[in-house]
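The block underneath contains the structure these notes are about, expressed in structure tokens.
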2 protein chains.
Amino acid sequence: MVRRNPERRAALLDAAIEVLAQEGARGLTFRAVDRQAGVPAGTASNYFANREEILTQAGGRVYERLDPGEAALASGLQGPRDRARVTALMHDLVDRVAAFPTGFLALLELRLEATRRPHLREILTERVRADVDFNISYHRETGRPGDATTVVLLWLALNWLILERLTLPDLFAPEQRGDLVTALVDRLLADQPAPTRPVPGDAAQ
Amino acid sequence: MVRRNPERRAALLDAAIEVLAQEGARGLTFRAVDRQAGVPAGTASNYFANREEILTQAGGRVYERLDPGEAALASGLQGPRDRARVTALMHDLVDRVAAFPTGFLALLELRLEATRRPHLREILTERVRADVDFNISYHRETGRPGDATTVVLLWLALNWLILERLTLPDLFAPEQRGDLVTALVDRLLADQPAPTRPVPGDAAQ
DNA sequence: TTGACACCACTCCATGTGTAGTACTACGTT
DNA sequence: AACGTAGTACTACACATGGAGTGGTGTCAA
């Protein structure tokens with residue numbers, strides 16, 4: 001029988017995220033989720049039909065938890081609209097994602113698993129596209145310097161910087177990482193030539 | 001007894017890379033390597049004491065195979081030293097890495113596995129540091145525009161772009177990816193302010 | 001009383017490890 | 001030319017782990 005208790009389902013998905021980050025995609029089993037969630041063996045089997053279901057839903061759950069929320073979003077609208085403000089926001093972004101390391105690592109595991117599961121790849125592609133588009137729109141709506149290409153380039157570099165921080169934390173010192181964020185914004189916003197071709201989200205305007 | 005046949009050992013490591021990319025770090029077992037390499041079950045057991053040994057040596061093997069070689073390196077020294085040349089070289093770099101997708105994916109799996117294995121983390125940190133430092137030195141020696149920070153920022157963004165291409169190929173169209181590389185170089189090389197703090201390799205000069 | 005759920009138990013099955021043992025081949029020795 | 005030895009390829013087995021799926025029992029509330 002399929003169980004529906006929403007709190008328990010969310011708790012199981014949170015446990016799945018931890019398992020993904022700690023054991024990898026292949027370590028994500030019903031039993032592992034049960035153990036991580038501290039529930040009796042067999043519980044996850046009653047909530048999800050198969051592993052694929054857990055994988056896709058766990059991906060959605062990560063984005064749920066990374067959502068900064070309305071309040072934070074609104075507060076982001078405040079303040080000056082200059083390059084220094086962008087720098088500050090990028091630092092915040094990196095810190096916010098790094099504060100939920102298992103979420104980021106779980107998404108990476110899901111990406112790698114997506115190379116083997118076409119369905120998961122579709123789902124993830126949609127989610128990531130929505131994330132990128134949102135970042136572009138948000139950036140434009142707040143009237144900050146830089147176009148859609150700028151946002152995508154920032155997103156690319158910051159993502160790998162976070163990956164570096166979480167997987168090989170000793171490669172860069174914390175101050176170096178901070179300086180890299182600052183330098184990235186400074187240089188990408190130094191001038192703003194027209195993009196050679198629209199990136200996703202440009203067309204949306 | 002430990003076997004030493006070097007060709008067979010290399011073949012087993014190549015098989016391990018494929019297994020890492022296809023099955024994930026947790027799927028890397030002696031038997032899986034045997035199957036992938038097309039050798040009888042038990043062979044890998046005779047060449048490696050445990051899984052950890054395979055993991056670390058497979059990482060080294062990837063870098064071996066990604067090495068462009070002396071000839072290509074020397075030819076890179078040719079040509080003009082302007083921004084357009086950097087753009088072309090960055091396109092080549094992306095294509096070269098993407099041409100060995102399982103190698104890149106295997107390294108990603110190893111990074112994730114490194115979060116669970118301190119020893120592997122040390123090894124990988126050293127390898128990646130050497131790679132970054134080499135890129136910085138090479139860039140400087142060829143007298144191309146941009147400082148060490150530029151090189152690191154290029155490296156960050158291009159890595160994630162490659163990851164995107166390999167894990168979610170439908171997120172960006174191929175032309176978009178190409179334009180992103182061009183835009184990245186254009187904007188990062190628009191001006192060259194002094195770095196706020198040295199990055200690894202700066203001190204080496 | 002009924003239904004939904006937490007919890008428990010049990011069977012079936014797949015897979016891997018480590019190692020012992022056999023067979024083949026090359027090479028040097030007598 | 002016959003033999004012995006070392007290194008390697010290949011095979012087989014004993015042992016252990018761990019997961020999937022499912023059926024059943026107890027509990028609580030409507």
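Here is how names work: the chains are called A, B, and so on, in the same order as the sequence lines, proteins then strands, and each is numbered from 1.
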| Considering heavy-atom distances to DNA chain C, does A/G38 or A/R26 have its closest nucleotide positioned more toward the 5' end? | A/G38

| How long is the line joining CZ of A/F30 and C1' of D/dA20, in whole Å? | 8 Å

| field | Under 4.0 angstrom between B/T29 side-chain N/O and C/dG16 OP1 or OP2 | value | yes

| request: Starting at atom CG of A/N46, determine the distance to atom P of C/dG3, rounded to an integer number of angstrom. | output: 18 Å

| request: May I have the step-by-step check of salt bridge (charged side-chain N to carboxylate O under 4.0 Å, His left out) for B/R165 and B/D170, ending in yes or no? | output: CA-CA 8 Å; B/R165 171 169 170 181; B/D170 297 332; over 6 Å; no

| request: Answer yes or no: does a side-chain N or O of A/R35 lie under 4.0 Å from OP1 or OP2 of D/dG19? | output: yes

| query | What class does the angle between the rings of A/W160 and B/F104 fall in, given that below 30° is parallel, 30 to 60° is tilted and above 60° is perpendicular? | reply | tilted

| Just checking A/A32: base, sugar-phosphate only, or nothing, at a heavy-atom cut-off of under 4.0 Å? | nothing

| said: Run the salt bridge (charged side-chain N to carboxylate O under 4.0 Å, His left out) test on A/R65 and A/D14 for me, step by step, so that the C-alpha distance in whole Å, both residues' side-chain angles and the decisive distance to 0.1 Å come before the verdict. | reply: CA-CA 9 Å; A/R65 291 181 54 186; A/D14 285 338; 3.0 Å; yes

| Taking only N and O in the side chain of B/R8, is any of them less than 4.0 Å away from OP1 or OP2 of D/dT8? | no

| query | Has A/N5 got a side-chain N or O lying under 4.0 Å from the OP1 or OP2 atom of C/dA6? | reply | yes

| said: What is the separation between atom CG on A/L12 and atom C1' on C/dC7, rounded to the nearest whole Å? | reply: 14 Å

| Does A/R31 get its side chain close enough to the base of D/dG21, under 3.5 Å, for a donor-acceptor pair? | yes

| query | For the pair made of CD in A/E23 and C1' in D/dT17, what is the distance, rounded to whole Å? | reply | 15 Å

| Hey, is A/R187 close enough to B/D147 for a salt bridge, meaning N to O under 4.0 Å? | yes

| said: So, does A/Y47 get its side chain near the phosphate of C/dA4, meaning an N or O under 4.0 Å from OP1 or OP2? | reply: no

| note | Rounded to whole Å, CG of B/D34 lies from C1' of C/dT17 at a distance of 12 Å

| task | Could you check how far CG of A/L28 sits from P of D/dG18, rounded to whole Å? | result | 16 Å

